[in-house]
2 protein chains.
Amino acid sequence: MKNQKRTTIYDIAKKLNLNASSVSRALSNNSNVSEATRKLILDTAKELNYKQNSLASNLRKGHNQTIGVIVPRINQNYFADVIAGIEEVTYQKGYNLVICQSNESSSREVKCVDTLINQHVSCIVISLSADFEDDKHLQTIREHGIPLIQFDRVAEHLDTFKVLNDNEQASIDAVTHLIEQGYKRIALLEGPQNLNIFRQRKAGYLAALEKHNFPILPELIKENAWTKELGAASTKELLSLPEPPDAIFASTSDFSALGVLEVATKMGLKVPEELGICGYSNEAFTEITSPSITTIDQYSVSMGKTIANLYFQEIESSDKDNTPKIVSIKPKLIIRSSTLKNNPEDLTTD
Amino acid sequence: MKNQKRTTIYDIAKKLNLNASSVSRALSNNSNVSEATRKLILDTAKELNYKQNSLASNLRKGHNQTIGVIVPRINQNYFADVIAGIEEVTYQKGYNLVICQSNESSSREVKCVDTLINQHVSCIVISLSADFEDDKHLQTIREHGIPLIQFDRVAEHLDTFKVLNDNEQASIDAVTHLIEQGYKRIALLEGPQNLNIFRQRKAGYLAALEKHNFPILPELIKENAWTKELGAASTKELLSLPEPPDAIFASTSDFSALGVLEVATKMGLKVPEELGICGYSNEAFTEITSPSITTIDQYSVSMGKTIANLYFQEIESSDKDNTPKIVSIKPKLIIRSSTLKNNPEDLTTD
DNA sequence: TTAATTTAAGCAATCGATTGCAATAAAAAT
DNA sequence: ATTTTTATTGCAATCGATTGCTTAAATTAA
């Protein structure tokens, strides 16, 4: 079973007393084959159960209709959605996707990059792992002439194609909303600051406070409250302060926000009256919790499509060594019950 | 940028006045190269920024360390988890994953199969699209000598490797649990019956009723209530019956169960006292709803690992044309508030 | 009928790495 | 000192498809 020989164009050629080149031309449907022999070739190809060997074809043609994607985790909603979006577009173009997960580890990320370079993929799409520090592997990609598109978690200083969310603006929107709802002491749960997205979200938080002349209180800013558990732990600390916050912006994720909600509920705090909660990502569950959680939608599927389109429109089509574009997608604040201190009726319905 | 030439083993050979074969041997780290020249070769390889061309290597070696995966949707929790599980194992073995989504369309599924055959993948892993009818494309895979592993949604009569959940048993467990809780009229939301998994779940429902001498009431069985919306619609119909059910088993998915919950809540029915609800899949949100939803965990990540291990242990390692194994994983009933009519305190805590 | 043009098919090199076999050099055994 | 063995390295074919170039055949023009 394993070592069964597969039919090649030579088998077809031999059977028809033709040359392999004619078979190749007939199958590639291009040029210079008479209709009669083309039909003959197509028929025997079907009869012999012929399937092209893409390895050989790609080797000869010097390229691979394949795009490599590296994400921290495949089974995280956001990334799964982005991948689905990419796949949607690439499929139309007859391209394939090779998907790797770095598991949030940069050493593994480096290995993924290596594999993809070896595979001669046409393009590499990447979102960095949490422990990102060194961009040497990204440089290597470029040294090998492979187009590189970074998204979401990017190495900012590196001059490549990028598809981003405007995290700072989203963050400003969220905090401004909290302020407008009358919250006075707004805490921030922040993510690893080596990642651009978390730096930007923090910047947005600070900018919004500043604009409204709110003081910046270091004790209300909690580092590295990434997961539900860490979010819960930080919330306990925050709520046991002498002057606890009356709102928490979990800028890291909705999971973190969920941790906040659970702790608050357990401590008998009323949400949103006594504590406002805002998450990030618009995970499906934020709509379902009680109260439902205000959050930020990142348009993940459409980000994926944007990435793929960027490749096909800007990179693949032009032979020029064109300057990398940066596309920024404005996320949208989804206002739900967990932050409607003033007018709980005022829900956005869509 | 695009057409930049990459260093090959010939470049290295030329620079060192050696033959390409020696370079190949040195790099593959195997045999018959003196330590001195090996070091020399390794050094210049690094210096010239050499990366192997897997296309050429795989073409020559006649195989591709790649496993193709076809799923209905990449960004559906269950499938994303399975893929993550597969990836976890294959990564360890140095294999790559090519992932395709059929988008629940069998015509697209056929095209995915074609691409993967062309790519000479070492194995194809598939879960069928919802409109599955014809298994010709699966036969084609076998005709080309490519090992095939089906999982979850499978063509049962086809003799291939399979990794399954015991859907029937899970279903029996769920319905039995409902009966034990004192529910008397248990409705079923069923999925497309062309898919084995939904047939099995229905069979389990029927078996459990029969065992407890419950009558089977056709008006309590709703076809094709797959999504949240369809689940909601079916629920409305069920609850407006002269004798409405006092429990609904949404065997299709947790999303469907969510639709049930929302309709029940809206109609002022108390869950679990007046209506019991059980879902399927253990989606993250089922833990969060109020009340939390009883459901069935499919061990998706570990299913993925099982699939990959099956390949490495049973297929790749043995040269024999061995008989396909079927691995069945017993899912677990997760009992939560939505079905605890008798003793709401009696929650399983883990 | 002959020359010019178009069309169809074959030849052979190529993509880059691998590998069985042959050849040479070095080391060990006699 | 000579033969045998072993360790290195080179040669050349191979994997399967593609493609520029050449040749042969068929069609059209003169």
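Quick note: numbers below take in every heavy atom, side chains included, and nothing from hydrogens, waters or symmetry partners. Note on naming: letters A, B, ... go to the chains in the order of the sequence lines (proteins, then strands), and numbering restarts at 1 for each one.
A:Tyr10 places its OH atom 7 Å from the P atom of D:dA17, with the value rounded to the nearest Å. Residue A:Leu59 contributes atom CG, which lies 18 Å from atom P of C:dA13 at whole-angstrom precision. Straight-line distance from the CD1 atom of B:Ile41 to the C1' atom of D:dG10: 12 Å, rounded to whole Å. Across the protein-nucleic acid pair, A:Lys14 atom NZ and D:dG16 atom C1' stand 14 Å apart, rounded to whole Å. Straight-line distance from the CG atom of B:Leu16 to the P atom of D:dT9: 11 Å, rounded to whole Å. For the pair A:Asp11 CG and D:dG16 P, the computed distance is 8 Å after rounding to whole Å. One atom, CZ of A:Arg60, and another, P of D:dT19, lie 6 Å apart when rounded to the nearest Å. The distance between atom CD1 of A:Ile12 and atom P of C:dA9, rounded to the nearest whole Å, is 15 Å.
B:Asp43 meets the side chain to side chain donor-acceptor pair (under 3.5 Å) test with B:Lys39; sequence neighbours excluded. Residues satisfying the side chain to side chain donor-acceptor pair (under 3.5 Å) test with A:Asn19, not counting sequence neighbours, are A:Ser21. Residues forming a side chain to side chain donor-acceptor pair (under 3.5 Å) with A:Asn64 (at least two apart in sequence, or on another chain): A:Asn58, A:Thr66. Taking A:Ser34 as the reference, A:Thr37 meet the side chain to side chain donor-acceptor pair (under 3.5 Å) condition, with sequence neighbours excluded. Residues passing the side-chain contact (heavy atoms from CB on, under 4.5 Å) test with A:Ile326 are A:Lys162, A:Leu164, sequence neighbours excluded. The side-chain contact (heavy atoms from CB on, under 4.5 Å) check on A:Glu104 picks up A:Pro72, A:Arg73, A:Ser129, A:Ala130, A:Arg153, A:Trp226, with sequence neighbours excluded.
Considering only side-chain atoms of A:Ile9, the nucleotide from C:dT19, D:dT9, D:dA17 that sits closest is D:dA17. For B:Lys61, the side-chain atoms get nearest to C:dT19 when compared with the rest of C:dG16, D:dT18, C:dT19. Comparing atom distances between the B:Ser34 side chain and each of D:dT8, C:dA17, C:dA13 picks out D:dT8 as nearest.
In summary, of the residues considered (A:Ile67, A:Val69, A:Ile141), a side-chain contact (heavy atoms from CB on, under 4.5 Å) with A:Ile124 occurs for A:Ile141 alone.
With hydrogens and angles left out, the side-chain atoms of A:Ser54 and B:Gln119 include no donor and acceptor closer than 3.5 Å.
For A:Asn19 and C:dA9, the shortest distance from a side-chain N or O to OP1 or OP2 is not below 4.0 Å. Distances shorter than 4.0 Å separate none of the side-chain N or O atoms of B:Thr37 from OP1 or OP2 on D:dT8.
Contact check of residues 47-57 of chain B against DNA chain C (heavy atom, cut-off under 4.0 Å) returns B:Tyr50, B:Gln52, B:Asn53, B:Ala56, B:Ser57.
Pairs engaging residues 7-18 of chain B under the salt bridge (charged side-chain N to carboxylate O under 4.0 Å, His left out) rule: B:Lys15-B:Glu47 [sequence neighbours left out]. Screening residues 51-64 of chain A for salt bridge (charged side-chain N to carboxylate O under 4.0 Å, His left out), with sequence neighbours left out, gives A:Lys51-B:Asp114. For residues 75-97 of chain B, every residue pair satisfying the salt bridge (charged side-chain N to carboxylate O under 4.0 Å, His left out) rule, not counting sequence neighbours, is listed here: A:Arg108-B:Glu87, A:Arg108-B:Glu88.
Residue A:Ser21 places a side-chain atom within donor-acceptor reach of the base of C:dC11, judged by atom type and a 3.5 Å distance cut-off alone.
Taking the six-membered ring for Trp and the full ring otherwise, B:Phe161 and B:Phe151 have centroids separated by 6.0 Å or more.
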Dot-bracket, 5' to 3', for DNA chain D please: Watson-Crick or G-U pairs under 3.5 Å, [ ] where pairs cross earlier ones, | where the partner sits on another strand, dots elsewhere.
||||||||||||||||||||||||||||||
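Residue A:Asn17 is in sugar-phosphate contact alone, with no base atom involved, counting any heavy-atom pair closer than 4.0 Å across all strands shown.
Comparing B:Glu35 and B:His120 by the nucleotide of DNA chain D whose heavy atom lies nearest to each, the residue mapping closer to the 5' end is B:Glu35.
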N/O-N/O pairs, protein side and nucleotides 21-25 of chain C side, under 3.5 Å:
none

